[in-house]
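Input: a single structure, listed below in structure tokens.
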Protein chains: 2
Amino acid sequence: MSDELNERSRRILEAIVEDYIGTAEPIGSRAVTRRHHLGLSPATVRNVMADLEEMGYIVSPHTSAGRIPTEKGYRFYVDTLLQVGQLDPRQKSRIEEYYRIDGLRVEERLREAGKVLSTISSYAGVVMTPRFNCTVFRHIEFLKLSQGRLLVIFVSRSGLVQNKVIETDLSLTQSELEHISNYLNQTLSGLSIQEIKAKIVREMAEEKAIYDKLLSRALELSQEAMSDELGGQVYIEGASNILEQPEFKDLERMKRLFRAFEQKSLLVELLDKSQLARGVQIFIGSDSEYREIEGCSLITANYSSSRGTIGTLGVIGPSRMNYSQVIPVVDYTARLVSQILETELE
Amino acid sequence: MSDELNERSRRILEAIVEDYIGTAEPIGSRAVTRRHHLGLSPATVRNVMADLEEMGYIVSPHTSAGRIPTEKGYRFYVDTLLQVGQLDPRQKSRIEEYYRIDGLRVEERLREAGKVLSTISSYAGVVMTPRFNCTVFRHIEFLKLSQGRLLVIFVSRSGLVQNKVIETDLSLTQSELEHISNYLNQTLSGLSIQEIKAKIVREMAEEKAIYDKLLSRALELSQEAMSDELGGQVYIEGASNILEQPEFKDLERMKRLFRAFEQKSLLVELLDKSQLARGVQIFIGSDSEYREIEGCSLITANYSSSRGTIGTLGVIGPSRMNYSQVIPVVDYTARLVSQILETELE
DNA sequence: GTTAGCACTCGGAAGTGATGAGTGCTAAGG
DNA sequence: CCTTAGCACTCATCACTTCCGAGTGCTAAC
């Protein structure tokens, strides 16, 4: 596929993409020759551009304008043209500086990471909180609300607190609930939620062998409590920064994006997808068939504990995004978050 | 002050405000006579309008346009002209319908209320979670994170879970922490946080008389844990709905508003202020000297438990807001939330 | 294969004039 | 004295034109 572009075409495509990223204006043949000395005349560049257009890497918005990259163009640029450098040490310390706050809860920490991403990149920062399933058990607590309704509070090893309400037929007193909590806290401590689920299933199977009624109730409750997907909340920080981008002069487009931000399910899906991969992921526009974020790109990286990936963070902005600058920032921020969660809280 | 307007002027001002609320277009003298049969000619209305303008209730954006209300105009309208009707039963059941979801956590409940407010009003919904200080104690839990850092989890009577990280010099084992938690849970249950704070101060004063070292530590910890303002988080739901309003064609203005939404401190301030009052509160534009929400109004009401106000919710939109419709909606939603928090969770 | 030259296209800015909504003022009428 | 008809005036908006320049594609020469 990438064979269809020779060296010259590539350099010209690269020039177009980078100039367009810089200026947000369509790039003409003359501009290419002016800003990059390729030893070619505008006429030659025009010929190449005509080819690139035919192959779908660029388009011209109208007859007498220059060209702008298509999604395919960006994709190619990101995949084979772009070389991501090291993170500028100044940026590095800028990130660290923003991020040196003590005494924060995990949620705040993550939010803060989103803000930093947004400030540094001047796009919107996105952070997904750890999926319950990906965390390590630390503590559980049951509190009775009204008849049949229990409040369950989980704490993960990293100090993330989550709670949910469950309905149950078991009529238990608060002191029985405390016993159950104690029992679970002793036996499950340090296991991953995955392991716990497996364990519960195993022990439920042997239930008939269980004399202890309390134990059997504990199992039942904890199964109920862990049944569905908790966590995976998405924070979007600095969304207003994105408004500075000239593409959002278009009101309609802006509305669409903000609706997508509000709805979140779309982002959850994308971020979940990216959680499966390692390293920095880049979604370009409707790579993802999502019309709502047409013309936007999402750069993500996972943050992790010593037991593996737990969550995802990144930046969302127009496809005309400064990839070479943003990629290392996202990458570094993810590492920093991992490190902080690990060292501070353990 | 309101003496300076005679009956006729009032009716004309009312007509202008209401028509402008409906159309978002400057209202001319002819339009007033056409839509409201006051038995006056446009010329007479013009004279009155000139007076109203001089007194600062209305302005004309340019020579040959009609008039639009100023903040003073809205203020007067809301304070003395507006009569708020009962909530339309259809709207009522529409709200209830949106709001019938079981098994939600308190946070989700409140968020949901914001969404409902936004959907019904088509402005943005705003909800402030209960201030920690306004809640009733239900449960506390201490977990050790790293040396010197403790995670504290509070649960209020209504089931709201909050947590914070505190730093302490006391080196306590997890089992000592459990003892402390148990002790506090027994002695403090059912007291308001205010009462607890007072109690702690009292007992600290008698500290010398305390033999039990654990008890003294418990006091110290709980004082630390309750020291600062928790809660008071602001959720803004359906912000994108507000984009439909014609006033936000103005990009600059929209940016300002969204920045204000993101920053939140401003809203917290406003909502805190409104929490002191009873019933529906209306802030108009820079009533509040806040330039960021110039041209916007905020309608709020408190929700409460049997022990009094605990939080605030409302709607934010352009000052050109349909007050007579939105006010009863906000009022009813606040009541509904109070009721649900009370009956479901107790 | 590369380039200069040229005719052509088209969006954007600037200018023009007509339209109409709306005003303020004045003078006549109840 | 308040009310109103009439009138001159203002000004945003819209449709229309013109002009300009950036940029293109094509062709023919190097």
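By convention in this document, chain letters (A, B, ...) are assigned in the order of the sequence lines, proteins followed by strands, and residues within each chain are numbered from 1. In this text the structure is predicted, and so the values were computed from the model without any measurement.
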Any A:Ser41 side-chain nitrogen or oxygen under 4.0 Å from OP1 or OP2 of C:dT3: yes
Atom-pair distance (CD on A:Glu53; C1' on D:dC26), nearest Å: 16 Å
Nucleotide C:dT2, atom C1' - distance to CE of A:Met49 in whole Å: 17 Å
Interatomic distance, B:Arg8 CZ vs D:dC1 C1' [rounded to whole Å]: 12 Å
Short side-chain to backbone donor-acceptor contact, B:Thr80 and B:Phe76, under 3.5 Å: yes
Any N/O donor-acceptor pair, A:Arg30 side-chain to D:dG23 base, under 3.5 Å: no
Nearest-nucleotide pick for B:Thr63, side chain only, options being C:dT23, D:dT10, D:dT24: D:dT10
Length of the CG-P vector between A:Asp51 and D:dG25, whole Å: 10 Å
Residue A:His62, side-chain heavy atoms: nucleotide from C:dC10, D:dC11, D:dT3 that is nearest: C:dC10
Out of D:dT10, D:dG25, C:dT3, whichever nucleotide has its closest atom nearest the side chain of A:Ala50: D:dG25
Atom-to-atom span, CD of B:Glu54 to C1' of C:dG24 - whole angstrom: 13 Å
First encountered from the 5' end of DNA chain C, between B:Asn47 and B:Ala65: B:Ala65
Check: A:Arg253 side chain, A:Gly295 main-chain N or O, donor-acceptor pair, under 3.5 Å: yes
Whichever of B:Pro61 and A:Ile27 has its nearest DNA chain D nucleotide further upstream toward 5': B:Pro61
Candidate nucleotides C:dT23, C:dT3, C:dG5, ranked by approach to the side chain of A:Arg46 - the nearest: C:dG5
Under-4.0 Å side-chain N/O to phosphate OP1/OP2 contact, A:Ser29 with D:dT24: yes
Mutual orientation of the aromatic rings belonging to B:Tyr74 and B:Tyr323 [parallel < 30°, tilted 30-60°, perpendicular > 60°]: tilted
Whole angstrom value for the distance that separates P of C:dG11 from CD1 of A:Ile68: 14 Å
Candidate nucleotides C:dG24, D:dT4, C:dG20, ranked by approach to the side chain of B:Ser64 - the nearest: C:dG20
Of the listed nucleotides C:dT23, D:dT24, D:dT3, the one nearest the side chain of B:Thr44: D:dT3
side-chain N/O A:Arg67 vs D:dT24 OP1/OP2, d < 4.0 Å: yes
Any B:Tyr98 side-chain heavy atom under 4.5 Å of B:Lys115 side chain: no
For atom CG of B:Asp19 and atom P of C:dG22, their distance in whole Å: 11 Å
Pairwise distance CD1(A:Ile236) to CG(A:Leu267) - rounded to 0.5 angstrom: 5.0 Å
Between C1' of D:dT24 and CD1 of A:Ile12, the distance in whole Å: 15 Å
Selection from C:dC25, C:dT3, D:dT3 that lies nearest to any side-chain heavy atom of A:Ala43: C:dT3
Under 4.0 angstrom between B:Arg34 side-chain N/O and C:dA21 OP1 or OP2: no
Pairwise side-chain contact, B:Lys92 with B:Val329, heavy-atom cut-off 4.5 Å (strictly under): no
